[in-house]
2 protein chains.
Amino acid sequence: MVDKNQELRDKGLRLTPQRQLVLQAVRELGHATPEEVAEKVRSTHPGINLSTVYRNLETLENVGLVQHTHLGHGGATYHAAEELTHLHLVCGKCGSVGDAPIETAASFVNTLIDEYGFKTDVTHFAIYGTCENCTAKS
Amino acid sequence: MVDKNQELRDKGLRLTPQRQLVLQAVRELGHATPEEVAEKVRSTHPGINLSTVYRNLETLENVGLVQHTHLGHGGATYHAAEELTHLHLVCGKCGSVGDAPIETAASFVNTLIDEYGFKTDVTHFAIYGTCENCTAKS
DNA sequence: CTTTTTTCTGCAAGTAGTTTGCAACTCGCA
DNA sequence: TGCGAGTTGCAAACTACTTGCAGAAAAAAG
């Protein structure tokens with residue numbers, strides 16, 4: 001396992017317990033809103049402040065350890081950078097978030113580059129629709 | 001031109017000046033946030049309340065005359081339903097919103113249906129990336 | 001190991017965007 | 001014209017997020 005202490009300090013960040021906990025929470029949760037990260041962190045370290053979570057998410061994003069996506073309802077969702085290997089399929093009915101490999105979009109991405117010069121950031125890109133479950137139900 | 005009075009009343013809605021103005025503003029603006037719609041409406045009808053704009057956008061969306069999209073920064077953006085014939089290419093650097101025809105995504109959409117049973121709502125789907133301009137600058 | 005520097009944290013207040021409760025109003029129908 | 005449900009304006013409430021500041025605590029220096 002990577003030495004987390006080094007990992008953060010290499011980026012020029014101080015190693016505080018709060019920071020470590022936030023990063024760890026994001027990694028464990030997969031997708032999570034700031035609120036969910038705070039909740040997770042508080043389960044082991046109750047005193048942590050919500051604004052500390054926000055600030056750390058921002059800081060960690062600046063150094064590239066996490067990234068956020070907008071999944072629709074407004075709130076941002078955070079991911080560990082190394083987990084960003086999939087698209088997000090957000091169901092507008094049940095709110096579930098499914099995954100699909102990046103390659104699914106490869107030709108689409110290429111078309112956008114070729115025809116519009118638009119470089120899609122496929123990891124920051126939520127796809128809305130209706131999932132299989134909800135399609136079946138209605 | 002369609003008779004707007006009929007158009008709204010057919011949907012079971014009352015025809016109020018505010019409602020007409022909101023719908024008209026959305027149609028004229030193309031993409032617009034609730035705030036922008038309110039501003040537009042106020043240019044001809046200053047007394048209108050912001051919450052009336054929100055409520056009418058919601059109502060008009062329920063009957064299918066307008067739709068909203070999340071373009072990333074958090075705020076929703078509204079479109080007239082008949083204008084929803086393009087994808088939105090949102091540039092994360094300059095914030096500009098470009099358009100591309102729906103067909104660009106056709107094969108991608110089909111892949112998602114075939115492999116994941118996920119029915120993408122291509123009109124409700126913002127694509128993040130970097131536009132040609134910003135790519136050139138950096 | 002102590003001091004110094006600098007970053008980070010907690011707290012409280014602040015802001016932006018959106019929603020809600022409610023009384024007054026008005027549209028559509030009889 | 002008058003009634004009743006749908007609609008509006010207003011103020012307050014709410015949610016999600018940000019900011020200022022003083023004290024706490026890492027890291028660097030001595």
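First the proteins, then the strands, lettered A, B, ... as listed; each starts at 1.
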Show me the protein contacts with nucleotides 24-30 of chain D, counting only N or O atoms at under 3.5 Å.
unit_1, atom_1, unit_2, atom_2, d
D:dA26, N3, A:R14, NH1, 3.2
D:dA26, N3, A:R14, NH2, 3.3
D:dA27, OP1, A:L15, N, 3.2

Point to revise | A:H79 side chain to A:T69 side chain, donor-acceptor N/O pair below 3.5 angstrom | key: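 Indeed, the side chains of A:H79 and A:T69 share at least one donor-acceptor pair under 3.5 Å.
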Review point. Going by number, which of residues 35-43 of chain B have a non-hydrogen atom under 4.0 Å from DNA chain C?
Key: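 The stretch gives none, as no residue of it lies under 4.0 Å from the strand.
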Practice item. Identify, residue by residue, the members of residues 44-57 of chain B with a heavy atom below 4.0 Å from DNA chain C, and return them in order of residue number, or none. Key: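 B:L50, B:S51, B:Y54, B:R55 - these, ordered by number, are the residues of the stretch whose heavy atoms sit under 4.0 Å from the strand.
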Check your understanding: Hey, are B:K119 and A:E132 close enough for a salt bridge, meaning a charged N less than 4.0 Å from a carboxylate O?
Key ->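 Salt bridge flag = no for A:E132 with B:K119.
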Review point. Does A:E61 come within less than 4.0 Å of A:R55, counting only side-chain N to carboxylate O?
Key: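 Salt bridge between A:E61 and A:R55, a charged N being under 4.0 Å from a carboxylate O: no.
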Let me know the distance between [atom1] of [X] and [atom2] of [N], rounded to the nearest Å.
{"X": "A:Q18", "N": "C:dC11", "atom1": "CD", "atom2": "P", "answer": "11 Å"}
{"X": "A:H70", "N": "D:dA16", "atom1": "NE2", "atom2": "P", "answer": "15 Å"}
{"X": "B:E61", "N": "C:dT19", "atom1": "CD", "atom2": "P", "answer": "11 Å"}

Nearest 0.5 Å, what's the [atom1]-[atom2] distance between [X] and [Y]?
{"X": "B:E35", "Y": "B:Y54", "atom1": "CD", "atom2": "OH", "result": "5.5 Å"}
{"X": "A:Q24", "Y": "A:R19", "atom1": "CD", "atom2": "CZ", "result": "15.0 Å"}
{"X": "B:H86", "Y": "B:H31", "atom1": "NE2", "atom2": "NE2", "result": "3.5 Å"}
{"X": "B:L29", "Y": "B:T77", "atom1": "CG", "atom2": "OG1", "result": "11.5 Å"}
{"X": "A:L21", "Y": "A:T52", "atom1": "CG", "atom2": "OG1", "result": "11.5 Å"}

Practice item. Locate the shortest heavy-atom distance separating B:A80 from B:V26; write the atom from each residue and the value. Key: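 Of all heavy-atom pairs spanning B:A80 and B:V26, the closest is N-CG1, 3.3 Å.
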**Study point:** Aromatic plane relationship, B:Y78 with B:H68 - under 30° parallel, 30 to 60° tilted, over 60° perpendicular
**Key:**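 The rings of B:H68 and B:Y78 sit tilted, inter-plane angle from 30° to 60°.
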